[in-house]
Amino acid sequence: MTGIDWRTEWVGGWGMASGGRADVFRPTTAEQIADAFTAARADGGAVALRGSGCSYGDASTSTGGRVLDLTAMNRILAFDPHAGIARVEPGVTIRDLWRHSIRFGWWPRVVPGTMAVSCGGAAAMNIHGKNNYAVGPFGDCVRSFALLTPAGGVLRCSREQNADVFHAAISGFGMLGCFTELDLELKRVHSGRLSVRAIVARDLQHNLQILEDMRGEADYLVGWLDLHARGALLGRGVMHRADQFAPGEDPEGLRFFDPVLQDVPDRMFGVVPKGWLWPGMWTAVKLGQVRAVNWAKWKAGAREERGSPYRQSHGAFHFLLDYVPRWHWMTKPGGLIQFQPFVPQAVGERVLRTVVEQCQQAGMVPYLGVLKRHRPDAFLMTHAVDGYSLAMDFAVSTTKRGRQRLWQLLQRLADVVLDAGGRFYYAKDSVLLASSFARVHGDVAVAGFRALKQRLDPAGLLQTDLSRRMGV
Ligand SMILES: Cc1cc2nc3c(=O)[nH]c(=O)nc-3n(C[C@H](O)[C@H](O)[C@H](O)COP(=O)(O)OP(=O)(O)OC[C@H]3O[C@@H](n4cnc5c(N)ncnc54)[C@H](O)[C@@H]3O)c2cc1C
């Protein structure tokens, strides 16, 4: 066993509203992960697994504990350009993956709003894209994986082999073992671009109707909502639909198989480094101009609709949030949290309206709202429903009272969502209480998950701030 070089560092959630100092080790091999497990077990400690640290809250932090940061295990081990199958180490990011595959006409089937996330983190959270309603979550593109468990040994898992572990480790938020290798299926694209259309939605009902009308045919759908709009206008926004091109339909788009043309440009108008934009956004937040910014964005939607459809690279469409590096710094010093209820279709409009209205009444209006359509999946700790999610970003106050008020509001709203049969997603959560764990997943799923945890990690070595908060 090699000595483990733990280094004390600050390890925070991406939203900057939580975190603490922890002893961090960056393994480069599966053997080093096993050694770190052994070393931690020897002194009765716990270990948190961490990918790129893009979860908004405490899913990959362990305040005062130990963290295995897997970003140095970032090799693409194999890629089959005929079948579009990649074998990757867990620290390979979505960006690494598409930069490699797009040259051969393949794109990851499921991508989140930032390309910085690692494949290990994407599988552990079973992330969803803007096409969740059509192709399911990230786990549906995983063929198989190797899982190093604290109980010892590497388990090979697929839909045929150790199928129970396959369906639980994907979605299992790093509680059952560490992915050391994953086999992923990508999708064929016939152009480096998508055909994109903006559709202005009058209100929440209109937004939901567009999702229902288009989900049978659109490749991607995502709605931006102006959550400052009230009354009859509540839930107004701009829906974006994107579709792939058929073979030969966009010959000019073949040029965009060059990864350089997919990447998000680092300068605005070719001049201003985008890294300088966040201070302007910070000023807008501090001067209380978020309402005006939302209104301007809503107005711009009509212009965009008139100019639709237009062609946009896959990278530009999917990773809009990466356009402004460090945009989340605009919420400094308090940081931000996200609240993303998933609600069944039948009660979607009523529940989402209630949630937004109560935020408005409390004077804590999210500065960003993103609406998506989902479908159920086969993973044990799934967050998906046959319905909608509305991701809402809240700037966090620096005062204890302001923080408490926000947490109390969102805990009340979580009850509304859970009472209506909704769910939550740990990559985005900061407020749920341990008493909600069984309500999110149901008693049967929780019992099954705990039994697997007992089998694969009997000493409870794998822990995070999130798992302790949820009483896993
Ligand atoms: C700007 C932004 C936009 C986003 N948009 C979306 C979106 O559209 N859709 C969506 O679904 N999510 C979205 N996310 C959330 C993000 O996709 C998830 O939080 C994802 O899990 C982050 O991956 P990561 O590599 O950063 O993992 P981390 O945040 O570091 O860890 C996530 C979880 O994975 C576990 N883990 C990490 N590596 C391993 C491993 N090798 N083996 C086992 N467990 C492991 C950790 O313990 C933790 O529980 C977004 C996040 C940001 C910051």
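Because the structure is a prediction, the values reported are computed rather than measured. In each ligand, atom 1 is the first atom listed, and ligand 1 is the first ligand listed.
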Report task. Write down, by chain and number, every protein residue that brings a non-hydrogen atom to less than 4.0 Å from an atom of ligand 1. Result -> W14, L49, R50, G51, S52, G53, C54, S55, Y56, A59, S60, L70, P90, P112, G113, T114, V117, S118, G120, G121, A124, M125, I127, H128, F173, G174, G177, C178, F179, L321, K372, Y425, A427, K428

Query - Worked verdict on R375 versus D377 for salt bridge (charged side-chain N to carboxylate O under 4.0 Å, His left out) - result: CA-CA 7 Å; R375 74 175 195 197; D377 57 59; over 6 Å; no

Report task. Give a yes or no on whether the ring-centroid distance for H383 and F424 is below 6.0 angstrom. Result -> no

Query raised in the report: Mind checking whether H314 and F319 have ring centres under 6.0 Å apart?
Result: no

Query raised in the report: Does a side-chain heavy-atom distance below 4.5 Å link W407 with I337?
Result: yes

Query raised in the report: What side chain to side chain donor-acceptor pair (under 3.5 Å) pairs are there with at least one residue in residues 11-27, not counting sequence neighbours?
Result: T8-D23, E9-R26, R26-D69

Query raised in the report: If you measure only the distance, is there a donor-acceptor pair under 3.5 Å linking the side chains of S430 and R469?
Result: no

